[in-house]
2 protein chains.
Amino acid sequence: MNLGSVEAVFFEYLQERGLRQTPERLCILRRVYAMNGPFTADTLLDDLRNSQNPLSRATVYNTLELLLECRLVAHHQFGRFGSYYEKSHGRRQADHLLCTNCGRIQEFCDPRLHAIMQDAGQALGQRIQHHQLHLHGVCHLFESTGQCPHFESSKADPSSSSQPMH
Amino acid sequence: MNLGSVEAVFFEYLQERGLRQTPERLCILRRVYAMNGPFTADTLLDDLRNSQNPLSRATVYNTLELLLECRLVAHHQFGRFGSYYEKSHGRRQADHLLCTNCGRIQEFCDPRLHAIMQDAGQALGQRIQHHQLHLHGVCHLFESTGQCPHFESSKADPSSSSQPMH
DNA sequence: TTCCATGCAAACCCTTTGCAAAGCG
DNA sequence: CGCTTTGCAAAGGGTTTGCATGGAA
């Protein structure tokens, strides 16, 4: 789970595939692992632009793709305009609950999902590789008071999803 | 579940909201219910273009939005470029299994998901409204033979998902 | 020295929007 | 008649691509 082992995984993957170990790729990997919570490609790009080491959009997308392939990064698509990435090494697969009202994204993990995946795969003749579960709901607080402490503030900041997994 | 009752639901919804009952809206509703399986907005548009009653892109999207609101249509976002609509009146909420290899989309439904949703909502303080579960896998057939009967054929035709729900 | 990777900008895909004309209520 | 809907075409947002240049191996 430390950065060194993550870098080792990445480099091993690159080597296996005959891909090159470039400073840009390392830089992106480090930035990604410095993020906490889900982030957008644009956020990452901005983050890099503000650093001493600005990189191009193409390189960011290219590298994210590689990181997805070697499972160091996970991708979540929330609706049409909610494309988020997230470091994933050593993390258990998490699911997401989105608030329809304030846009906050919370994470959770339920072990029972495993059985469902297994059975569905078996029933439909597929080996399941991964999954994605999105719940859409409304904060109780909003329903009772009409107010929500997360409104707007977290709409653009899904990193507030400090995983209260159960 | 017959078309008449679907139209009744739609018209009632329009009336409630003070919206107009136009021939275009009725036409789109009927086309949507003539589709089997998930379809894209573009498929629907083409379908209409080939009919005696071509409609504009804007009208199609506008009407799909209305149909979503009154729950006569469901929307599924599969990754960045997989936006599918599907008639949903009288259907139980279905989940989807996507084949990474051939792109086929199969539907299934597992009652155990309900408990997971309930519990997650309770744990995170939200009233769950709906959900979306996507499993990604590979056909057994493809894994053993390297061949898949659904390859390409169904990549653009998710309607082959004649729901073997379990 | 050989390709692969990078950076730039333009293309891309799907969806939404602005505005004038049409037509429901 | 007024005001919503329609149709068209253009804009929008995030992602991908083409091509010349740069740099890892």
Side-chain angles (χ1 to χ4, degrees), chain A residues 7 10-29 31 38-49 51-70 73 75-86 103 155-156 158, chain B residues 7 10-29 31 38-49 51-69 73 75-85 103 155-156 158:
Chain A
E7 291 178 14
F10 192 32
F11 290 153
E12 190 174 335
Y13 172 78
L14 291 175
Q15 207 149 42
E16 266 173 19
R17 294 259 321 247
L19 300 173
R20 289 179 185 164
Q21 195 178 123
T22 67
E24 288 85 358
R25 287 174 177 172
L26 177 55
C27 173
I28 289 174
L29 176 62
R31 288 270 156 187
F39 57 88
T40 65
D42 236 47
T43 305
L44 178 57
L45 192 58
D46 282 351
D47 190 50
L48 287 159
R49 270 204 252 269
S51 78
Q52 314 136 33
N53 207 353
L55 297 180
S56 80
R57 194 174 294 279
T59 303
V60 165
Y61 278 107
N62 171 357
T63 304
L64 281 174
E65 184 59 35
L66 294 176
L67 292 172
L68 281 174
E69 279 163 20
C70 63
V73 163
H75 178 245
H76 311 292
Q77 182 77 41
F78 300 121
R80 180 73 179 61
F81 288 119
S83 190
Y84 290 97
Y85 297 86
E86 186 172 19
K155 194 139 203 170
Chain B
E7 292 178 14
F10 191 32
F11 290 153
E12 191 175 334
Y13 172 77
L14 291 176
Q15 206 149 44
E16 267 173 20
R17 294 259 321 246
L19 300 172
R20 290 179 185 165
Q21 195 178 122
T22 67
E24 289 84 358
R25 286 174 177 171
L26 177 56
C27 173
I28 289 173
L29 176 63
R31 288 269 156 189
F39 57 89
T40 65
D42 235 46
T43 305
L44 178 58
L45 193 57
D46 282 350
D47 190 51
L48 287 159
R49 270 204 253 268
S51 77
Q52 315 135 31
N53 208 352
L55 297 181
S56 78
R57 193 175 296 279
T59 303
V60 165
Y61 278 107
N62 171 357
T63 304
L64 281 174
E65 185 59 35
L66 294 176
L67 292 172
L68 281 173
E69 278 163 20
V73 163
H75 178 245
H76 312 293
Q77 182 78 39
F78 300 122
R80 181 71 180 61
F81 288 121
S83 190
Y84 289 96
Y85 297 86
K155 194 137 203 170

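Below, all heavy atoms of this structure are taken into account, side chains as well, without hydrogens, waters or symmetry copies. Each chain gets a letter, A, B and so on, in the order the sequences are listed, and its residues count up from 1. All figures in this text were calculated on a predicted structure; none of them were measured in a lab.
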Of A/Ser83 and B/Thr22, the one whose closest nucleotide on DNA chain D sits nearer the 5' end is B/Thr22

### Query
Is the base of D/dT5 touched by the side chain of B/Arg20 through a donor-acceptor pair closer than 3.5 angstrom?
no

Separation of D/dG14 atom C1' from A/His76 atom NE2, nearest Å, is 18 Å

Among the nucleotides D/dG7, D/dA25, C/dT15, whichever has the atom closest to the side chain of B/Glu24 is D/dG7

The side chain to side chain contact (heavy atoms under 4.5 Å, CB included) partner of A/Tyr85 among A/Leu68, A/Val60, A/Thr43 is A/Leu68

note: A/Leu29, atom CG; C/dA5, atom P; distance rounded to Å ~ 16 Å

* **Minimum side-chain heavy-atom gap B/Glu7-B/Leu26 below 4.5 Å** => yes

When rounded to whole Å, the CG to P distance for the pair B/Asp46 and C/dC14 reads 11 Å

Ordered by number, residues from residues 55-63 of chain B within less than 4.0 Å of DNA chain D (heavy atoms) are B/Leu55, B/Ser56, B/Ala58, B/Thr59, B/Asn62

For A/Glu24 and A/Leu55, the nearest pair of non-hydrogen atoms, with its separation, is CG-CD2, 3.4 Å

Tightest non-hydrogen contact, residues A/Ile28 and A/Thr59, listed as CD1-O, 3.8 Å

Taken to the nearest whole Å, CG/A/Leu45 to C1'/D/dG13 is 14 Å

A/Gln77 CD to C/dC14 P, in whole Å, measures 14 Å

The side chain to side chain contact (heavy atoms under 4.5 Å, CB included) partner of B/Leu66 among B/Leu29, B/Leu14, B/Val73 is B/Leu14

In whole angstroms, the gap separating C1' of D/dC8 from CZ of B/Arg49 amounts to 12 Å

From CG of B/Leu66 across to P of D/dT4 the rounded distance in Å is 14 Å

Q. Within less than 4.0 Å of OP1 or OP2 of C/dC14, is there a side-chain N or O belonging to B/Thr40?
A. no

Margin query: Quick one, B/Asn62 and B/Arg25 - any side-chain contact, counting heavy atoms below 4.5 Å?
Written below: yes

Here the distance between atom P of D/dT5 and atom CG of B/Leu14, to the nearest Å, is 8 Å

**Message:** Is it the case that atom CD in B/Glu69 sees more than 12 heavy atoms from other parts of the structure closer than 6.0 Å?
**Reply:** yes

Closest to the side chain of B/Leu19, out of D/dT5, D/dT15, C/dC14, is D/dT5

